[in-house]
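Indexing begins at 1, ligand by ligand and atom by atom, following the structure's order. Only a predicted model underlies this, so the values are computations on that prediction, with no experimental measurement involved. Index from 1, following the sequence.
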Amino acid sequence: MLGRKEAAPVTTGEALRLEGVRKVYGAEGNQVAALDGVSLSLPAGSFTAVMGPSGSGKSTLLQCAAGLDRPTEGRVYVDGAELPGGGEAELTKFRRQRIGFVFQQFNLLPTLTVTQNVTLPLKLAGRKADRRRAEEVLARVGLGDRLGHLPSELSGGQQQRVAIARALVTEPRVLFGDEPTGALDTRSAREVLGLLQEAVRVYGRTVVMVTHDPVAAAYADGVVFLADGRLVGSMATPTAEAVAERMTHLADEVERQRVKGAAGVTAGV
Ligand code: ADP
């Protein structure tokens, strides 16, 4: 429950919108459509898991939605603002103002302390490197007693909690996670997923997380399923069992399509 004095989270409107996003890799004649016309709208204050078989385009979707890569076609809006065209500098500025990212391998800077890692995004965004603010966010993720440590002195779970604090310190509209629990043991994974839920429920952030783990997906409010670069379904209020079952069907379906495709090619169809 929020205390009376705490501001209510900002949870109105649309946090993320993708319109007909296509991403093609490779030179002409040897092209792969990693995303093949994805349209998606996620409300502010939602927690969404993105699932699909390996190679279905999950990472590409996240990279394009987070402005780490540009779609070949289509549009991406974060918090109502379209991802800018133009140079890399403009895109970087856009990300720093609106987006947080948590990676599977934490990606902390090894020579900086925990607090320094968390103040860095504020500095990069041209804001005051507010040490007290960083310490507050670190206390929220349970690391108030590790402020002066180096990443190498922490467990994997603790490092990922620093990465979450680093992603949240700028109060981004959308927080993206690419397999954020992929390198963690079960207990640390649960803690990290709990923090992502808290970011949504208490602080009104929007979280979009790629995962291959049905148990992790069940922490989200909803799941979207990708296959061969297309959105092929969604599930509200997911349970681990229901997600696992859907994934099994999806893998069978993709395999059937591939066999059919291969047979078509051999038969010269
Ligand atoms: P997932 O995250 O679901 O495993 P990806 O988004 O990584 O899927 O990849 C989707 C498809 O795009 C795959 O066929 C993959 O080989 C291809 N792909 C991804 N990144 C690149 C790249 N940089 N260059 C060429 N092909 C790529």
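Pairing each heavy atom of R161 with each of V141, the nearest pair is NH1-O, 2.9 Å. The two residues R140 and L195 make their nearest non-hydrogen contact at O-CD2, 4.0 Å. Closest approach of V223 and M51 over heavy atoms only: CG1-CG, 3.8 Å.
In this structure, G52 does not count as a contact residue of ligand 1, since none of its heavy atoms falls inside 4.0 Å of the ligand. In this structure, A33 falls outside the shell of residues with a heavy atom less than 4.0 angstrom from ligand 1. Note on ligand 1: G26 sits outside its first shell, no heavy atom being nearer than 4.0 Å.
Within the cation-pi definition used here (under 6.0 Å to the ring centroid, within 45° of the axis), R201 does not qualify as a partner of Y203. Judged by the 6.0 Å and 45° rule, R230 forms no cation-pi pair with F225.
Close approach of ligand 1 to K58 (heavy-atom distance below 4.0 Å) involves ligand atoms 1 (P), 2 (O), 3 (O), 4 (O), 6 (O), 8 (O). Short contacts between ligand 1 and S54, defined as distances under 4.0 Å to a heavy atom of the residue, involve ligand atoms 4 (O). Ligand-side atoms of ligand 1 in range of S56: 1 (P), 3 (O), 8 (O), range being under 4.0 angstrom from any heavy atom. The atoms of ligand 1 that sit less than 4.0 Å from any heavy atom of P53 are 3 (O).
In terms of protein heavy-atom proximity, atom 8 (O) of ligand 1 is closest to G57 N, 3.1 Å. When only non-hydrogen protein atoms are considered, atom 4 (O) of ligand 1 lies nearest to G55 N, 2.8 Å. Taking atom 17 (C) of ligand 1 as the reference point, the nearest protein heavy-atom neighbour is Y25 CD1, 4.1 Å. The shortest contact between atom 12 (O) of ligand 1 and any protein heavy atom is with A34 CB, 3.2 Å. Here the protein heavy atom with the shortest distance to atom 9 (O) of ligand 1 is T60 OG1, 3.9 Å. At the top of the distance list for atom 2 (O) of ligand 1, counting protein heavy atoms only, stands S59 N, 2.9 Å.
For atom 15 (C) of ligand 1, the nearest protein heavy atom lies 4.0 Å or farther away. Of the protein's heavy atoms, at least one falls inside 4.0 Å of atom 6 (O) of ligand 1.
For the atom pair L42 CG and T48 OG1, the distance stands at 4.5 Å (nearest 0.5 Å). Taking CG of L196 as the reference point, atom OH of Y219 lies at 10.5 Å (rounded to 0.5 Å).
Contact annotation: the side chain of R205 never approaches that of F47 to less than 4.5 Å [non-hydrogen atoms, C-beta and beyond].
Linking Ile, Leu, Val, Met, Phe, Trp and Tyr residues whenever their side-chain heavy atoms come within less than 4.5 Å leaves L120 and F101 in two separate clusters.
In this structure, the side chain of N117 engages the main chain of L112 through a donor-acceptor pair within 3.5 Å.
Considering backbone and side-chain N/O atoms, V32 never comes within less than 3.5 Å of an N/O atom of ligand 1.
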